[in-house]
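Below you'll find the structure, written out as structure tokens, and then a few comments.
In what follows, chains carry the letters A, B, and so on, assigned in the order in which the sequence lines appear, proteins first and then strands, with residues in each chain numbered from 1. All values derive from a computational prediction rather than experimental measurement. In what follows, every heavy atom counts, from backbone to side chain, and hydrogens, waters and symmetry copies are set aside.
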Protein chains: 2
Amino acid sequence: MKSQRLLAILDVVEHEAVRSQEQLRQRLAARGFVVTQATLSRDIKELGLVKRSADGAYQPSSIEGTPQTTALGALGKALSEYLVNIEPVQQLVVLRTGAGQAQLLGLAIDRSRLPEVVGTLAGDDTILIIARDVQNALAVVKKLKDLAS
Amino acid sequence: MKSQRLLAILDVVEHEAVRSQEQLRQRLAARGFVVTQATLSRDIKELGLVKRSADGAYQPSSIEGTPQTTALGALGKALSEYLVNIEPVQQLVVLRTGAGQAQLLGLAIDRSRLPEVVGTLAGDDTILIIARDVQNALAVVKKLKDLAS
DNA sequence: CCACGCGCTGCATATTCATGTATATTAATT
DNA sequence: AATTAATATACATGAATATGCAGCGCGTGG
């Protein structure tokens, strides 16, 4: 299952320095995901991983400065693809996605660095956004709805 | 005939992991419903089944569908089996389970679609329920405690 | 009693999607 | 610059799923 593999890739990359797709392929194989380099190339593109300049290891692009516009574009795409429902609750925002997609959408939200957002938590099909206050929560809902369309 | 078949599909899907329409076709044939994949494609659309990303198996969409009573029954069972502790915090409710059981209980909670619940997030042994407000959070705690016993 | 409309279905085929293979392209190394 | 390593991509394949079309059975209004 592809989405599982994508999550595994994020997990691997987060926990150890992976410097080539071949290396990543081996790590994934150890976890039971057997695929070729070509597939990883596509996965990496889809996840938006980049090579850290310091040591050449892959990592999510949010950590280095990504141009805001790029991140927002990706967020819009992710939203229109995954978002099922969005609702503010006090200073929180609850988003629903299709099964197994919450992690990916959560990542896209993190990357876009919305100023109103303090942090996010993603489960399987639910994301919780913590905003600074009620006003900001409402603002986030509006902003995300706009981006989704 | 059709409605019988639809019910059979729900029953099959609920009791075993079905990962393709072909597989489903075989299960149904064993129960006396002989139809083609094309028909199942239409049935699945009508029932609103989706593929769970965890294992690629079909399941009723957690967002809608599934008879309330069934889901509530399953929830009661899951609660009595897994729930260790439950506590409201403002408009949130924090539940503790045994290790690795939070996902299962979280799923059961989602499926039962309690009106007070906006969403849930499950980790390994902790579930966070987001309610609409403090009152609702208290109501959820009471309801779940009742169901558990 | 009949012609018509409509829902349901199968058949055949189109579409979608993930992936591997082979190769082109780009980057690094010497 | 030449060589090699790393990555991206064109093309093809296979699996799963969706769908256009035609036939069938059934109920209804004529």
Side-chain angles (χ1 to χ4, degrees), chain A residues 1-13 16-61 64 66 70 73-74 77-78 80-84 97-101 103-105 107, chain B residues 1-13 16-61 65:
Chain A
M1 191 88 315
K2 186 183 167 189
S3 68
Q4 296 296 301
R5 186 182 66 238
L6 294 184
L7 293 177
I9 289 174
L10 288 177
D11 192 49
V12 167
V13 162
E16 54 185 311
V18 177
R19 295 153 177 281
S20 74
Q21 297 179 1
E22 173 55 25
Q23 208 177 101
L24 177 58
R25 196 185 61 73
Q26 291 171 16
R27 295 286 183 287
L28 289 173
R31 294 182 177 218
F33 297 94
V34 180
V35 290
T36 61
Q37 171 268 324
T39 297
L40 294 185
S41 171
R42 296 169 185 126
D43 287 349
I44 284 172
K45 186 175 175 184
E46 185 167 339
L47 289 171
L49 299 188
V50 298
K51 279 201 168 183
R52 200 183 322 165
S53 44
D55 60 356
Y58 281 107
Q59 65 172 11
S61 63
E64 275 183 12
T66 313
T70 311
K77 188 157 163 291
S80 58
E81 189 163 353
Y82 300 135
L83 188 64
V84 171
T97 69
Q101 303 174 333
Q103 298 282 344
L104 295 174
L105 180 52
L107 185 63
Chain B
M1 211 56 195
K2 186 183 169 188
S3 63
Q4 299 293 308
R5 187 182 65 238
L6 294 183
L7 291 177
I9 290 174
L10 286 178
D11 192 50
V12 167
V13 162
E16 55 185 313
V18 178
R19 296 153 183 280
S20 73
Q21 295 179 4
E22 173 55 26
Q23 206 177 103
L24 177 58
R25 196 186 62 72
Q26 291 170 17
R27 296 287 183 286
L28 289 173
R31 295 183 177 216
F33 297 94
V34 180
V35 289
T36 61
Q37 171 268 325
T39 297
L40 294 184
S41 170
R42 296 168 185 128
D43 287 350
I44 284 172
K45 186 173 175 185
E46 185 168 339
L47 288 171
L49 299 188
V50 297
K51 277 200 168 184
R52 197 186 326 166
S53 75
D55 59 0
Y58 281 107
Q59 66 171 9
S61 152

Whole-Å gap separating P (dT19(C)) and CD (Glu46(A)): 10 Å
Terminal axis angle for the helix from dC1(C)-dG30(D) to dT30(C)-dA1(D), five pairs an end, nearest 10 degrees: 30°
Rounded distance (Å) that lies between atom P of dA18(C) and atom CG of Leu47(A): 13 Å
Between CD1 on residue Ile9(B) and CG on residue Leu24(B), distance to nearest 0.5 Å: 5.5 Å
Positions of residues 25-34 of chain B (non-hydrogen atom under 4.0 Å from DNA chain C), listed by number: Val34(B)
Between C1' of dG7(C) and CD of Gln4(B), the distance in whole Å: 17 Å
Gln59(B) side chain reached by Val50(B) side chain, heavy atoms, under 4.5 Å: yes
Smallest separation among heavy atoms of Val13(A) and Tyr58(A), with atom names: CG1-O, 3.1 Å
Inter- and intrachain pairs under salt bridge (charged side-chain N to carboxylate O under 4.0 Å, His left out), touching residues 1-10 of chain A, at least two apart: Lys2(A)-Glu46(A), Arg5(A)-Asp43(A)
Set of side chain to side chain donor-acceptor pair (under 3.5 Å) partners for Gln23(B), sequence neighbours left out: none
Separation of atom CG in Asp43(A) from atom C1' in dT9(D), rounded to whole Å: 15 Å
If you restrict it to nitrogen or oxygen atoms, what contacts under 3.5 Å exist between nucleotides 26-30 of chain C and the protein, and what is each distance?
none

Taking only distance into account, with no hydrogens and no angle test, what donor-acceptor pairs under 3.5 Å do side-chain atoms of residues 27-39 of chain A form with protein atoms, sequence neighbours excluded?
{"from": "Arg27(A)", "atom 1": "NE", "to": "Glu16(A)", "atom 2": "OE1", "distance (Å)": "2.7"}
{"from": "Arg27(A)", "atom 1": "NE", "to": "Glu16(A)", "atom 2": "OE2", "distance (Å)": "3.2"}
{"from": "Arg27(A)", "atom 1": "NH2", "to": "Glu16(A)", "atom 2": "OE1", "distance (Å)": "3.4"}
{"from": "Arg31(A)", "atom 1": "NH1", "to": "Asp11(A)", "atom 2": "OD2", "distance (Å)": "3.1"}
{"from": "Arg31(A)", "atom 1": "NH2", "to": "Asp11(A)", "atom 2": "OD2", "distance (Å)": "2.9"}
{"from": "Gln37(A)", "atom 1": "NE2", "to": "Gln21(A)", "atom 2": "OE1", "distance (Å)": "2.9"}

Name the pairs: protein N/O against N/O of nucleotides 15-22 of chain D, kept only if under 3.5 Å.
{"from": "dT17(D)", "atom 1": "OP1", "to": "Lys51(B)", "atom 2": "NZ", "distance (Å)": "2.8"}
{"from": "dT17(D)", "atom 1": "OP1", "to": "Tyr58(B)", "atom 2": "OH", "distance (Å)": "2.5"}
{"from": "dT17(D)", "atom 1": "OP2", "to": "Gln21(B)", "atom 2": "N", "distance (Å)": "2.8"}
{"from": "dA18(D)", "atom 1": "OP2", "to": "Gln21(B)", "atom 2": "NE2", "distance (Å)": "3.0"}
{"from": "dA18(D)", "atom 1": "OP2", "to": "Ser41(B)", "atom 2": "OG", "distance (Å)": "2.8"}
{"from": "dA18(D)", "atom 1": "N7", "to": "Gln37(B)", "atom 2": "NE2", "distance (Å)": "3.0"}
{"from": "dA18(D)", "atom 1": "N6", "to": "Gln37(B)", "atom 2": "OE1", "distance (Å)": "3.0"}
{"from": "dG20(D)", "atom 1": "O6", "to": "Arg42(B)", "atom 2": "NH2", "distance (Å)": "2.8"}

